[in-house]
Amino acid sequence: MPDIKLITSTAMKSVLEDTLPKFERESGHKVVPSYGPSPRLTKQIGEGEVCDAAIVGAQNIEDLIKQGKMAAGSAVAIAASPIALAVQKGAPKPDISTAEKFSQALLAAKSIAMSNPVGGGTSGGILMRAFERLGIADAIKPKLTFGAGGPAGLVGHYLVRKEIEIGIQQMPELMMVPGIDIVGRLPDGVQSVTVFTGGVSTTAKNPDGATELLKFLGSPEVAAVVRGKGMEI
């Protein structure tokens with residue numbers, strides 16, 4: 001049987017690394033994942049990239065279904081991911097308990113890393129809109145460094161290399177990088193939880209395998225792993 005080609009958000013990487021081996025053993029299917037930011041992956045699929053299944057933001061899956069790129073009725077919600085803030089290991093942790101204090105922390109910081117709001121991770125666009133609402137966008141733009149996207153571009157790596165003071169990204173993406181201190185979730189008024197959702201591609205060469213994979217990823221067993229990676233279900 002053909003491999004299952006899975007295109008997926010980087011935020012799901014740690015969950016998949018812990019769960020795919022069991023799925024492969026029990027199902028007999030081999031899964032070949034490739035990772036990247038949801039908006040970029042959505043664009044690639046929309047432009048014709050072939051896959052069996054995709055895991056991106058819920059709105060991205062809805063858009064792809066409307067475009068005829070994902071099968072109607074195939075969507076499976078897998079994980080709900082909050083955005084969080086981290087600092088260098090051992091550095092003072094700013095108070096981000098309210099939107100106002102979060103703003104003050106960013107204004108006081110000399111450097112900040114986040115996902116690129118244009119073509120990068122979902123959190124990048126969310127954060128830029130939040131900065132505009134908070135009235136701090138212009139003040140912090142000169143401080144911003146945008147992660148390259150994908151596993152190698154996680155903002156935690158910038159913290160480990162001491163290139164920036166504050167990193168903001170999806171909680172599971174921050175948790176993937178050892179050697180940093182996660183301060184916590186962003187406060188109400190700034191926070192936006194992304195529901196990562198799977199769908200079966202209309203170009204799938206192994207649609208039955210893709211359907212079986214998404215059923216497995218939506219199971220209570222995988223939900224327990226999801227919680228351990230800083231996400232909800």
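Hydrogens, waters and symmetry mates play no part in the numbers below; they use all other heavy atoms, side chains included. Count residues from 1 along the sequence.
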What's the spacing between [X] [atom1] and [Y] [atom2] if we round to 0.5 Å?
X      : Y      : atom1 : atom2 : result
Gln44  : Cys51  : CD    : SG    : 10.0 Å
Tyr158 : Ile164 : OH    : CD1   : 9.0 Å
Lys5   : Ser201 : NZ    : OG    : 9.5 Å

Nearest heavy-atom neighbours spanning [X] and [Y]:
X      : Y      : value
Ser103 : Leu134 : OG-CD1, 3.4 Å
Ala105 : Pro94  : CB-CB, 3.7 Å
Pro82  : Gly230 : CD-O, 3.6 Å
Ala210 : Ala53  : CB-CB, 4.0 Å
Val190 : Ile126 : O-CG2, 4.4 Å
Gly228 : Met175 : O-CE, 3.7 Å

Heavy-atom check, side chain of [X] versus side chain of [Y], under 4.5 Å:
X      : Y      : answer
Thr122 : Pro39  : yes
Met171 : Ile83  : no
Leu186 : Leu127 : yes
Leu154 : Thr10  : yes
Val177 : Leu159 : no
Pro187 : Ser97  : no
Val87  : Val183 : yes

Kindly write out the residues that satisfy salt bridge (Lys or Arg N to Asp or Glu O under 4.0 Å) with [X], not counting sequence neighbours, or none if the list is empty.
X      : answer
Asp3   : none
Glu232 : Arg185
Arg161 : Glu163
Lys69  : none

Side-chain donor-acceptor pairs under 3.5 Å in residues 138-147, sequence neighbours left out?
from, atom 1, to, atom 2, distance (Å)
Lys143, NZ, Leu106, O, 3.0
Lys143, NZ, Leu107, O, 2.5
Lys143, NZ, Ala109, O, 2.7

[X]: which other cluster members, linking ILVMFWY side chains closer than 4.5 Å, directly or transitively?
X      : answer
Val32  : none
Val200 : Ile4, Leu6, Met12, Val15, Leu16, Leu20, Phe23, Val31, Tyr35, Ile55, Val76, Ile78, Phe196, Leu213, Leu214, Phe216, Leu217, Val222, Val225, Val226, Met231, Ile233
Leu41  : Ile7, Ile45, Val56, Ile61, Leu64, Ile65, Met70

Using a distance-only test with no angle check, is there a side-chain donor-acceptor pair under 3.5 angstrom linking [X] and [Y]?
X      : Y     : answer
Glu212 : Ser27 : no
Gln67  : Asp63 : no
Gln170 : Ser81 : yes

(message) Does Thr197 form a side chain to side chain contact (heavy atoms under 4.5 Å, CB included) with Glu62? I'd like the steps, not just the answer.
(response) CA-CA 9 Å; Thr197 302; Glu62 289 182 21; over 6 Å; no
(request) Could you state whether Ile168 and Ile182 fall into the same hydrophobic cluster, counting links through intermediate Ile, Leu, Val, Met, Phe, Trp or Tyr residues with side-chain heavy atoms under 4.5 angstrom apart? (result) no
(message) For residues Val193 and Ile96: do they belong to one hydrophobic cluster (side chain heavy atoms under 4.5 Å, members Ile, Leu, Val, Met, Phe, Trp, Tyr)?
(response) no
(message) Run the ring pair (Phe, Tyr, Trp, His ring centres under 6.0 Å) test against Phe102 and tell me which residues pass, sequence neighbours left out.
(response) none
(message) Looking at Asn206 and Pro2, would you say the former's side chain and the latter's main chain have a donor-acceptor pair under 3.5 Å?
(response) yes
(message) Please check: side-chain N/O of Glu165 versus main-chain N/O of Lys110, any donor-acceptor pairing under 3.5 Å?
(response) yes
(message) Restricting to side chain to side chain donor-acceptor pair (under 3.5 Å), what partner residues turn up for Lys13, sequence neighbours left out?
(response) Glu17
(message) What verdict does the side chain to side chain contact (heavy atoms under 4.5 Å, CB included) test give for Gln169 and Met114, after you've listed the backbone C-alpha separation in whole Å, the side-chain angles of each residue and the deciding distance to 0.1 Å?
(response) CA-CA 6 Å; Gln169 205 163 36; Met114 55 180 271; over 6 Å; no
(message) Suppose the criterion is salt bridge (charged side-chain N to carboxylate O under 4.0 Å, His left out): which pairs have a residue in residues 23-39, not counting sequence neighbours?
(response) Lys22-Glu26
(message) Show every salt bridge (charged side-chain N to carboxylate O under 4.0 Å, His left out) that has at least one partner inside residues 78-105, sequence neighbours left out.
(response) Lys89-Asp181, Asp95-Lys101
(request) Take Thr203 and Asp52 through the test side chain to side chain contact (heavy atoms under 4.5 Å, CB included) and record every step on the way to the result. (result) CA-CA 7 Å; Thr203 63; Asp52 293 296; over 6 Å; no
(message) Go through it in stages, so that I can follow the logic: the residues are Lys43 and Glu49, the test is salt bridge (charged side-chain N to carboxylate O under 4.0 Å, His left out), and I'd like the CA-CA distance, side-chain angles, deciding distance and then a yes or no.
(response) CA-CA 9 Å; Lys43 184 174 185 291; Glu49 181 161 346; over 6 Å; no
(message) Could you walk me through whether Gln59 and Val195 satisfy the side chain to side chain contact (heavy atoms under 4.5 Å, CB included) test, starting with their C-alpha distance in whole Å, then the side-chain angles of each, then the deciding distance to 0.1 Å, before giving a yes or no?
(response) CA-CA 9 Å; Gln59 184 60 56; Val195 179; over 6 Å; no
